[in-house]
Undergrad: 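After the structure tokens below, expect a handful of questions from me.
Computed from a predicted model, the values in this text were never measured in an experiment. Residue numbers run from 1 in the order of the sequence given.
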Amino acid sequence: MECVITIDIGTTKVKASAFDFSNNLIGARQGSYPTFHPQPDYSEQDPEQIFLTVLYALKGLINDELSKKYRPVAVVFSASMHSVLPIDKHGVPLRNAVIWADNRGRDEATTLKNSELGAKLYEQTGTPIHPMSPLVKIRWFGTNTPAAWFEKVYKFISIKEYIVYQLTGQLVVDHSLASSTGLFNIHHLAWEASALDYIGIKTQQLSEPVAIDFDELKLKKEYLRLFRLPNTLKVIAGASDGCLATLGAGVVTEGDATITIGSSGAVRVAAKQVLVDEKQRFFNYILTEGTYISGGPTNNGGVVFEWFVQQFGTSGLHFDMDYAVQQLLMEAERVPAGAGGLLFLPYLLGERAPLWNANARGAYMGVNITHERRHFIRATVEGIVYEVYSIGKLLQQYRSIENLYINGAYATLPLFAQILSDVFGKTVYINDKHDSASAGAALLALTKLGKYEDLVAAAQTIKSVETYSANDKNHHRYGQFSEIFDRLSHKLADDFDALVALQG
């Protein structure tokens, strides 16, 4: 039987999955890797370690899950956005990759955002001016590294481009991922000259942009042999995880929205038009030509809850994150909505939408003598959801949202799902593809192979299997807390700046 393989390169792990021609998951393998924080605002990863993890996951999937029953006919890639990796002319990394959570370019971002050029670049590229953006990251490299080093950089690429290059020897970047760099004109589908002038590089120092269904890549012979794959295997460029997660949730037309909470999080809608916001609070990324995925991202999703688990949960030699998360969530379920008046600002990694404040910091507010660990657990979950809701509320000023589809490792956990429904006051739907980015990548590959007429038809095959309905009483109570949450998030901006200066 024929199947397609998806490789999803996430923030904390790589997941290799296989889907049959009905888009049913038939096997998956994954491997994880660390993020390094050599300074408070730094977030880096070792590209070689990620590549080895890709090989490990792919080999395990093919050898143990597929064996001789399934024959892969295509492989397609998904990846998190905003990473920057400088390489030399031999494709060798010149340093670790800098990922989306890195905030070292906050001064450069502030200066650019408050300029006419910043407004122009946002309109042309669809990417908000923020330290997450490769535009800002490369500018930081240009102003904070020796000129001789900067001039030695052959190309600035993403982690995904590096993995594809290692497997194929070809340097390309799909339109979807390119549209999240702040360097790509989303209207003309080409690198934006004014952005390149700002950071001091040439077009040749970036990869060739290609459509998300580009399939002229060829796996190197050694990997065809290693994985026992056919010479006819199609290697498809794929897209960003955010755009594919939206597709994999079945959302490619107006009226619906997806909420993803994995390591980070986002609220996204799809439309034929760019979402125009003078305050530059939303992204506009490309799924395919003429279809834009718009919305807002948060830095502080599951990574924040995992931080809490590591610091305040049970520990030991045989620590199991998944088990520890479940144990703490069971405690939180014994606490009524509102966490006994305890409120959490989850800004451990600064924040993107809707604050776009790299200096934002976390805080527990309203602590009193009666609060126990279970209240802090509940408040942590609720704080993550309040932040997502702050994005959703703003987005609904521009787009009508009738249905909410949730995905991601954390959003689909029962407590998170119910709180999302209660806070938004809407029914939320979960489909049988919890890993929507991989499912979206599979839909893209199957469409390219002719299984579906187009991506709209492919998205219509996604069916919801679980729903959570809002509790009106909880929705009213959460509304009161979310108003306080929003006020504090803006009111504390000066104090965030002062604390960052002291931390530095």
Undergrad: N431 and G248: which non-hydrogen atoms are nearest, and at how many Å?
TA: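 Here N431 and G248 meet closest at ND2-O, 3.5 Å.
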Undergrad: Counting C-beta onward and ignoring hydrogens, is there a side-chain heavy-atom pair between I186 and V274 closer than 4.5 Å?
TA: yes
Undergrad: What I'd like to find out is whether the side chain of F36 reaches to under 4.5 Å of the side chain of D46, using heavy atoms alone.
TA: yes
Undergrad: For P131, is there any backbone N or O sitting under 3.5 Å from a side-chain donor or acceptor partner on K137?
TA: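 Yes; at least one donor-acceptor contact below 3.5 Å.
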Undergrad: What pairs of residues pass the side-chain hydrogen bond (donor to acceptor under 3.5 Å, both in side chains) test when at least one of them lies in residues 210-226, not counting sequence neighbours?
TA: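 Sorted pair list: D215-K234.
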Undergrad: If you apply the rule side chain to side chain contact (heavy atoms under 4.5 Å, CB included), what do you find for V73 with F21, and how did you get there?
TA: CA-CA 10 Å; V73 295; F21 268 46; 3.9 Å; yes
Undergrad: Any side-chain donor paired with an acceptor under 3.5 Å for S400 and E402?
TA: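 Yes, a side-chain donor-acceptor pair sits under 3.5 Å.
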Undergrad: Are the side chain of T125 and the backbone N or O of N185 linked by a donor-acceptor pair below 3.5 Å?
TA: no
Undergrad: Could you tell me whether the side chain of S133 and the main chain of I129 form a donor-acceptor pair under 3.5 Å?
TA: no
Undergrad: Heavy-atom count check: over 12 atoms from other residues, nucleotides or ligands less than 6.0 Å from K113 NZ?
TA: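 Enclosed: over 12 neighbouring heavy atoms sit under 6.0 Å from NZ of K113.
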Undergrad: Looking at L349, is its backbone amide N or carbonyl O close enough to the side chain of N103 to form a donor-acceptor pair, meaning the two atoms are under 3.5 Å apart?
TA: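 Side chain of N103 to backbone of L349: a pair is present.
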Undergrad: If I compare all heavy atoms of L455 with all of V252, which pair ends up nearest, and what's the gap?
TA: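 The pair with the smallest heavy-atom distance is O-CG2, 4.3 Å.
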Undergrad: Decide yes or no on side chain to side chain contact (heavy atoms under 4.5 Å, CB included) for E289 and H175, but give the supporting numbers first.
TA: CA-CA 8 Å; E289 186 173 355; H175 290 161; 6.0 Å; no
Undergrad: Measuring from E254:CD to Q273:CD, what's the distance to the nearest 0.5 Å?
TA: 5.5 Å
Undergrad: Is there a ring pair (Phe, Tyr, Trp, His ring centres under 6.0 Å) between F150 and F156 once you walk through the steps?
TA: CA-CA 10 Å; F150 192 78; F156 291 96; 5.6 Å; yes
Undergrad: Less than 3.5 Å apart, any donor N or O on the side chain of T12 or S32 sitting next to an acceptor on the other?
TA: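 No, no side-chain donor-acceptor contact under 3.5 Å.
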Undergrad: Go through L52 and Y33 one step at a time and tell me if the side chain to side chain contact (heavy atoms under 4.5 Å, CB included) criterion holds.
TA: CA-CA 10 Å; L52 291 174; Y33 36 80; over 6 Å; no
Undergrad: Anything under 3.5 Å between a donor and an acceptor, one on a side chain of residues 197-209, the other on a protein residue two or more places apart or in another chain? List them.
TA:
{"from": "Q205", "atom 1": "OE1", "to": "K202", "atom 2": "N", "distance (Å)": "3.0"}
{"from": "Q205", "atom 1": "NE2", "to": "V153", "atom 2": "O", "distance (Å)": "3.2"}
{"from": "S207", "atom 1": "OG", "to": "E161", "atom 2": "OE1", "distance (Å)": "2.7"}

Undergrad: Quick one: does S17's side chain have a donor or acceptor within less than 3.5 Å of a partner on S438's backbone?
TA: no
Undergrad: Can you tell if the side chain of R399 reaches within under 4.5 Å of the side chain of F282, non-hydrogen atoms only?
TA: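 No. Closest side-chain heavy atoms not under 4.5 Å.
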Undergrad: Quick one, L348 and V303 - any side-chain contact, counting heavy atoms below 4.5 Å?
TA: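 Side-chain contact under 4.5 Å: no.
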Undergrad: Would you be so kind as to tabulate the donor-acceptor pairs closer than 3.5 Å made by side chains of residues 290-297, with sequence neighbours excluded?
TA:
{"from": "T291", "atom 1": "OG1", "to": "K272", "atom 2": "NZ", "distance (Å)": "3.1"}
{"from": "S294", "atom 1": "OG", "to": "N284", "atom 2": "OD1", "distance (Å)": "2.5"}

Undergrad: Do L121 and L112 come within less than 4.5 Å of each other through their side chains, counting heavy atoms only?
TA: yes
Undergrad: Could you tell me which non-hydrogen atom of A441 sits nearest to which non-hydrogen atom of T6, and how far apart they are?
TA: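 Closest pair (atom of A441, atom of T6, distance): CB-CG2, 3.8 Å.
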Undergrad: Once the angle between the rings of Y162 and Y165 is folded into 0 to 90°, is it parallel (under 30°), tilted (30 to 60°) or perpendicular (over 60°)?
TA: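 Ring orientation, 0 to 90° scale: tilted.
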Undergrad: Indicate the atoms forming the closest heavy-atom contact of N23 with A442, along with that distance.
TA: OD1-CB, 3.1 Å
Undergrad: Taking only distance into account, with no hydrogens and no angle test, what donor-acceptor pairs under 3.5 Å do side-chain atoms of residues 74-88 form with protein atoms, sequence neighbours excluded?
TA:
{"from": "S78", "atom 1": "OG", "to": "D8", "atom 2": "OD1", "distance (Å)": "2.8"}
{"from": "H82", "atom 1": "ND1", "to": "S180", "atom 2": "O", "distance (Å)": "2.9"}
{"from": "S83", "atom 1": "OG", "to": "I159", "atom 2": "N", "distance (Å)": "3.0"}
{"from": "D88", "atom 1": "OD1", "to": "H90", "atom 2": "N", "distance (Å)": "2.8"}
{"from": "D88", "atom 1": "OD1", "to": "G91", "atom 2": "N", "distance (Å)": "3.2"}
{"from": "D88", "atom 1": "OD1", "to": "V92", "atom 2": "N", "distance (Å)": "3.0"}

Undergrad: Is a side-chain N or O of K155 found less than 3.5 angstrom from the main chain of L171, in a donor-acceptor match?
TA: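 Judged by distance alone, no pair lies under 3.5 Å.
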Undergrad: Any side-chain heavy atom of H188 sitting closer than 4.5 Å to one from Q124?
TA: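 H188 does not reach Q124 side chain to side chain.
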Undergrad: Checking the side chain of N24 only, and the main-chain atoms of D20 only, is there a donor and an acceptor separated by less than 3.5 Å?
TA: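 No.
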Undergrad: Closer than 4.0 angstrom, basic N to acidic O: yes or no for R104 and E44?
TA: yes
Undergrad: Could you check C3 against I26 for side chain to side chain contact (heavy atoms under 4.5 Å, CB included), going step by step and ending with a plain yes or no?
TA: CA-CA 9 Å; C3 70; I26 55 178; 3.8 Å; yes
Undergrad: Which heavy-atom pair separates G301 from I261 by the least distance, and what is that distance?
TA: CA-CG2, 4.1 Å
Undergrad: Is T111 reaching over with its side chain to a backbone N or O of D107, donor-acceptor style, under 3.5 angstrom?
TA: yes
Undergrad: What is the minimum heavy-atom distance between L444 and I212, and which atoms define it?
TA: CD2-O, 3.6 Å
Undergrad: Determine whether more than 12 heavy atoms belonging to other residues, nucleotides or ligands lie under 6.0 Å from atom CD of Q396.
TA: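 It does: Q396 CD has more than 12 such atoms within range.
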Undergrad: Any salt bridge linking D435 with K15? Criterion: basic side-chain nitrogen under 4.0 Å from a carboxylate oxygen.
TA: yes
Undergrad: Can you find a pair of side-chain heavy atoms, one from L287 and one from T246, that are under 4.5 Å apart?
TA: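 L287 does not reach T246 side chain to side chain.
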Undergrad: Between side-chain atoms of residues 54-66 and protein atoms elsewhere (two or more places apart, or another chain), which donor-acceptor pairs fall under 3.5 Å?
TA:
{"from": "N63", "atom 1": "OD1", "to": "R228", "atom 2": "NH2", "distance (Å)": "3.2"}
{"from": "D64", "atom 1": "OD2", "to": "R29", "atom 2": "NH1", "distance (Å)": "3.2"}
{"from": "D64", "atom 1": "OD2", "to": "R29", "atom 2": "NH2", "distance (Å)": "3.3"}
{"from": "E65", "atom 1": "OE2", "to": "R29", "atom 2": "NE", "distance (Å)": "3.3"}

Undergrad: Ring pair (Phe, Tyr, Trp, His ring centres under 6.0 Å): which pairs involve residues 97-131, sequence neighbours left out?
TA: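 Passing the test, one end in residues 97-131: H130-W356.
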Undergrad: Checking side chain to side chain contact (heavy atoms under 4.5 Å, CB included) against R352, which of N299, N357, T298 comes through?
TA: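 Of the listed options, the one satisfying the test is N299.
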Undergrad: Side-chain contact test, heavy atoms from C-beta onward, threshold under 4.5 Å: evaluate it for D174 versus K160 and give yes or no.
TA: yes
Undergrad: Verify, without hydrogens or angle tests, whether D277 (side chain) and R281 (backbone) share a donor-acceptor contact under 3.5 angstrom.
TA: yes
